[in-house]
2 protein chains.
Amino acid sequence: MQKRADPRLLDAERLIQERLGDRRLDFDSMLAVSNIYRAATAVRRRAEKGVLSEFGLSWGGFTTLWVLWVWGEMQTADLADECDLSKGTLTGVVKTLERRGFVERTRVESDRRRVTVSLTEAGLDTIESLFPRFNLYEGEMVGELSTAEKQELAELLRRVIVTADAEGTEGAEGEEEKVERP
Amino acid sequence: MQKRADPRLLDAERLIQERLGDRRLDFDSMLAVSNIYRAATAVRRRAEKGVLSEFGLSWGGFTTLWVLWVWGEMQTADLADECDLSKGTLTGVVKTLERRGFVERTRVESDRRRVTVSLTEAGLDTIESLFPRFNLYEGEMVGELSTAEKQELAELLRRVIVTADAEGTEGAEGEEEKVERP
DNA sequence: TAATATCTGTTTGGTAGCAAACGAAATCGG
DNA sequence: CCGATTTCGTTTGCTACCAAACAGATATTA
C-alpha cells in the first residue's frame, strides 16, 4: 500500500542514483536501516524531554535503574552487559546516578577488585513511580500500531539485532561463537 | 510463530510484574520500543567498527557527508535539520569533518550571519567510494529479512517516527503544525 | 537613523559513549 | 612462597549530543 509514496524520498532516490552512476542501490535496506536509527533517536529524545526529564534521568540512567530494579544488586561487569554499555561508560553512568542519590556502590569483601551496585531507597521509590509512566509513554510511541504489528515490529528488529550483534565481520554461516581472530 | 519463546524474556516479564504488583504492564509496547533502541545501537556500533572506522568517520559524520553529497552545498541550519541534529551539535560535527579535510565552510557574502558547508574534493572521493560499501553493509544488517519484510519494517518504523516527532505532549489529533505554546 | 527585535552560527557546561591505558587485586606456575 | 599473568573497575582522551547563553549581522519600527 503506497510504499514510497513520499515524493521527498523519490527525489532522494533519484538523486542518489545519479550520484552512484550505474552502481546498484539497495534502497529497501537503506530505508529500513535509516528508519531504525531515526526511530530510536526520536523515541529517545521524546522520552528524555518528557517523562525522564522530570526525574533528572537520561535514557542510559533510566535503563540502569530499571535493570537494577528488575534483577537486583549486580556487579559492575554484569550490569554493563545487561545495560548494553561498555564498562567504561557504565562507570560514568553509575557515578552520575550515585551523585543523584539513586544508587550506591559496595566493594565486595571476598574479592576486593569487584564492586556491586544497588538501588538506594530513593532510587527504588523513583523507579517504582517512574516505570509505570515510562511504560505508558512506550505505549504512546507505538500507539499507531496494532498489537500484532507491535509484535511483528519487535520480531523483525530482533532478527536485525541478532545479525548486527554477530561476531564475524562478514560471517559466512553466522554461527561462530566468539572465536578469537589473530 | 513462537513469539516470546525466549525464557529470558518470560523471566523478565514475571519479575517486572512482581515489582509492579497489580499495575498493568504493556509488554508488547515495551518490547517494541526497547528493540528499536537496541537495534539502532547494534547497527550503529557495527557500522562504526566496520566500514566507517576505515575512513575515520562517526555515524553523524557519515550522515553529514552523505547529505551534502546528495543535496549539495547547504547552509548550516538546513544541514542540521536534514541530519536530524541540533545546530550546536552540527557545529561540532562539521568542525571535525573540516579538520579531517572532508568539508569546508564558506561565509555567505549577501548575509554575513550565514555559513554554507560543502564537500571538498577529498570529501567527495571519500563518500563516493564509501557509500556503495555502506549500502552493502546496510544490506547485511537486514539480510535476514525478505524484501517485503524490509519494507514492512520501514513502514512500521515510519509510523513510530511520525508519532514520536509530533509536537504535542499528548497530541489529541496529532496534526498541529509547529504551533507555538506560551 | 537610532533603538530594538530577530535571526544565525558558535560557545559553554553538562552527560553519554567508546577504546585503550592503567593500577590494584587475585590467581597461576614453578 | 614469589614472580608472571589474568581479571577487575577506573581513568584518560576523544567524539558526539543537547539546551541555553551568547555575539554578530540583519530587520523592523519609531
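In what follows, every chain begins at residue 1, and chains take the letters A, B, ... in the order their sequences are listed.
Between Phe102(B) atom CZ and dT15(D) atom P there is a gap of 13 Å when expressed in whole angstrom units. For Leu85(A) and dA16(D), the CG to C1' distance is 15 Å, given to the nearest whole Å. Across the protein-nucleic acid pair, Arg38(A) atom CZ and dC17(D) atom P stand 13 Å apart, rounded to whole Å. Between Arg100(B) atom CZ and dA16(D) atom P there is a gap of 7 Å when expressed in whole angstrom units.
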Going by atom type alone, with no hydrogens or angles, which donor-acceptor pairs under 3.5 Å involve a side-chain atom of residues 59-68 of chain A and a protein atom two or more places apart or on another chain?
residue: Thr63(A); atom: OG1; partner: Trp59(A); partner atom: O; Å: 2.9
residue: Thr64(A); atom: OG1; partner: Gly60(A); partner atom: O; Å: 2.8

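The footprint of chain A on DNA chain C, defined by a heavy-atom cutoff below 4.0 Å, extends from dT15(C) to dA26(C).
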For side-chain contact (heavy atoms from CB on, under 4.5 Å), just list the numbers for Lys150(B) and Ser29(A), CA-CA rounded to whole Å, side-chain angles, deciding distance to a tenth of an Å, and then say yes or no. CA-CA 7 Å; Lys150(B) 290 175 198 175; Ser29(A) 296; 3.2 Å; yes

Along nucleotides 3-13 of chain D, 5' to 3', which nucleotides get a B, which get an S, and which get a -, given that the test is a protein heavy-atom distance under 4.0 Å? ----BSBBB--

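Residues meeting the side-chain hydrogen bond (donor to acceptor under 3.5 Å, both in side chains) test with Glu98(B), sequence neighbours left out: Arg105(B). For Arg112(A), the side-chain hydrogen bond (donor to acceptor under 3.5 Å, both in side chains) partners are Glu109(A), not counting sequence neighbours. Residues passing the side-chain hydrogen bond (donor to acceptor under 3.5 Å, both in side chains) test with Thr89(A), sequence neighbours excluded: Ser86(A).
A residue-by-residue look at Ser58(B) and Lys49(A) shows that Ser58(B) has its nearest nucleotide of DNA chain D further toward the 5' end. In terms of position along DNA chain C, the nucleotide closest to Arg44(A) lies nearer the 5' end than the nucleotide closest to the other residue of the pair Arg44(A) and Arg112(A).
Between Glu149(B) and Arg159(A), at least one side-chain nitrogen of the basic residue sits less than 4.0 Å from a carboxylate oxygen of the acidic one, meeting the salt-bridge criterion.
The two residues Ile161(A) and Asn35(B) come nearest to each other via the heavy atoms CD1-O, 3.8 Å.
By the neighbour-count criterion of 12 heavy atoms within 6.0 Å, atom CD of Gln17(A) is densely surrounded, having more than that number from other residues, nucleotides or ligands.
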